[in-house]
S.K.: 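Structure in C-alpha cells, see below.
Heavy-atom basis, side chains included; hydrogens, waters and symmetry copies ignored. Small disclaimer: the values here were computed from a predicted structure and weren't measured.
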Amino acid sequence: MRNFTVMILLSCLLLLVSVYAVKPTDVFACSCAGPPPVPEGLERSAAVFAGKVTKMVGPKPKLVMSSTDPVVVTIEVTEVWKGELPLKTELTTAMSSASCGYDQFAVGSEFLVFGYVRSGQLQTGLCDGTKLLSAAGKELTELGKGYSPQEIPKSGDTGENALPEEVPASEGQGAGQSPLLQPFLWGAAVVLAVVLLVYAWRKKREV
C-alpha cells in the first residue's frame, strides 16, 4: 500500500511538471500579403523611424505561455519620418511570428520600424514593414530624408503615447495558444488525481 501511495504522488508530480513545461503552441499561423508599399505603410502607420535596439524584455514566465505574449523593445531612435518620438522609444510586439509578432529584433542591431498605436502603446508586427535597416535600402530611398527625434519629451508626454491610434496590418491574422487550454490541463490533472485516489481507496477495501 505504501508503494502504491508513492506511485500516486509521483504520478501527480509528473503531471504537474508536464503542465508547467508546456511551451507556446500556435493554433493559427499568421498570414498576411506581405509588407505594404512604402507610401501605404507611411500613411497608415502612427510612427515610422529608424534606430538601434538597446534593450529587450520578454514576458514573465507563467504556467502556460502564449505566442501572443508581448516583448518590450527599447530603441535609440536616430531618424524619424512620421510621429513625434523621444530619443529612447519603447514598443511592443508579440513574441512569435506565428502570432504576427516581429521576432527578429536583436540588441545592438538597427531597424526601420513601422509602428501603430493600440491602447496608448506603440507596437509593430510582422505584417507592418519593420525590417533590418541594412536590408531597407529601397524603403529608405522612397522615404527620403527624415528628421531628428525629440531629445526631451514634452511634459506628461512620452512621445509614442501621443501618437494616433491606428489599425495594425496584422489585425486578426494570427492567434496564440487557446485560452481554453490552461483550464483543460488543470481539469485533467484534477480528474487524474481523483481517479488515482478512488483506485487506491478501492484497493484498500479489498485488502
S.K.: Would you be so kind as to tabulate the donor-acceptor pairs closer than 3.5 Å made by side chains of residues 50-58, with sequence neighbours excluded?
M.R.:
unit_1: Thr54; atom_1: OG1; unit_2: Thr74; atom_2: O; d: 3.4

S.K.: Which pair of heavy atoms, one from Asp103 and one from Met95, lies closest together, and at what distance?
M.R.: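 For Asp103 versus Met95, the nearest heavy atoms are CB-O, 3.9 Å.
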
S.K.: Is it possible for you to say whether Val38 and Tyr102 belong to one hydrophobic cluster, with membership spreading through side-chain heavy-atom contacts below 4.5 Å?
M.R.: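 No, Val38 does not connect to Tyr102 through the hydrophobic network.
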
S.K.: Is there a side-chain contact between Phe105 and Leu91, using heavy atoms and a 4.5 Å cut-off?
M.R.: yes

S.K.: Go through Ile75 and Phe49 one step at a time and tell me if the side chain to side chain contact (heavy atoms under 4.5 Å, CB included) criterion holds.
M.R.: CA-CA 10 Å; Ile75 296 179; Phe49 61 97; 4.0 Å; yes

S.K.: Can Leu143 be reached from Tyr116 by stepping across I, L, V, M, F, W or Y side chains whose heavy atoms are under 4.5 Å apart?
M.R.: no

S.K.: Kindly work out whether a path of hydrophobic side-chain contacts (I/L/V/M/F/W/Y, heavy atoms less than 4.5 Å apart) joins Leu85 to Tyr147.
M.R.: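 Yes; Tyr147 is reachable from Leu85 via cluster members.
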
S.K.: Which pair of heavy atoms, one from Cys127 and one from Pro36, lies closest together, and at what distance?
M.R.: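 Of all heavy-atom pairs spanning Cys127 and Pro36, the closest is O-CD, 3.5 Å.
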
S.K.: Is any side-chain heavy atom of Val71 closer than 4.5 Å to a side-chain heavy atom of Pro59?
M.R.: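 Side-chain contact under 4.5 Å: yes.
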
S.K.: Rounded to the nearest 0.5 Å, how far apart are CD of Glu79 and CG of Leu140?
M.R.: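 Glu79 atom CD to Leu140 atom CG measures 7.5 Å (nearest 0.5 Å).
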
S.K.: Under 4.5 Å between any side-chain heavy atoms of Ser45 and Asp128, yes or no?
M.R.: no

S.K.: Just verifying a value: how many Å separate Gln123 CD and Thr130 OG1, rounded to the nearest 0.5 Å?
M.R.: 11.5 Å

S.K.: Is there side-chain contact between Lys82 and Leu42, with heavy atoms separated by less than 4.5 Å?
M.R.: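 Result yes, sub-4.5 Å side-chain heavy-atom pair found.
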
S.K.: Leu132, Val107: one ILVMFWY side-chain cluster at the under-4.5 Å cut-off?
M.R.: yes

S.K.: Please check if the side chain of Thr124 supplies one atom and the backbone of Phe114 the other of a donor-acceptor pair under 3.5 Å.
M.R.: yes

S.K.: Which pairs with one or both residues in residues 139-150 pass salt bridge (charged side-chain N to carboxylate O under 4.0 Å, His left out), sequence neighbours excluded?
M.R.: Lys131-Glu139, Lys138-Glu142

S.K.: Is Phe111 close to Leu133 at the side-chain level, that is, under 4.5 Å between some pair of heavy atoms?
M.R.: no

S.K.: Is there a continuous path of hydrophobic side-chain contacts, each under 4.5 Å between heavy atoms, that joins Val113 to Val48?
M.R.: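 The answer is no; the residues belong to distinct hydrophobic clusters.
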
S.K.: Considering non-hydrogen atoms only, spot the tightest contact between Val77 and Pro86 and give its length.
M.R.: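 Closest pair (atom of Val77, atom of Pro86, distance): CG2-O, 3.6 Å.
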
S.K.: Output the distance between atom CG (Leu122) and atom OG1 (Thr93), rounded to the nearest 0.5 Å.
M.R.: 10.5 Å

S.K.: So if I apply the side-chain hydrogen bond (donor to acceptor under 3.5 Å, both in side chains) rule between Ser67 and each of Ser97, Ser96, Ser99, which one comes out positive?
M.R.: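 The option that passes is Ser99.
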
S.K.: Locate the shortest heavy-atom distance separating Leu112 from Ala136; write the atom from each residue and the value.
M.R.: CD2-CB, 3.9 Å

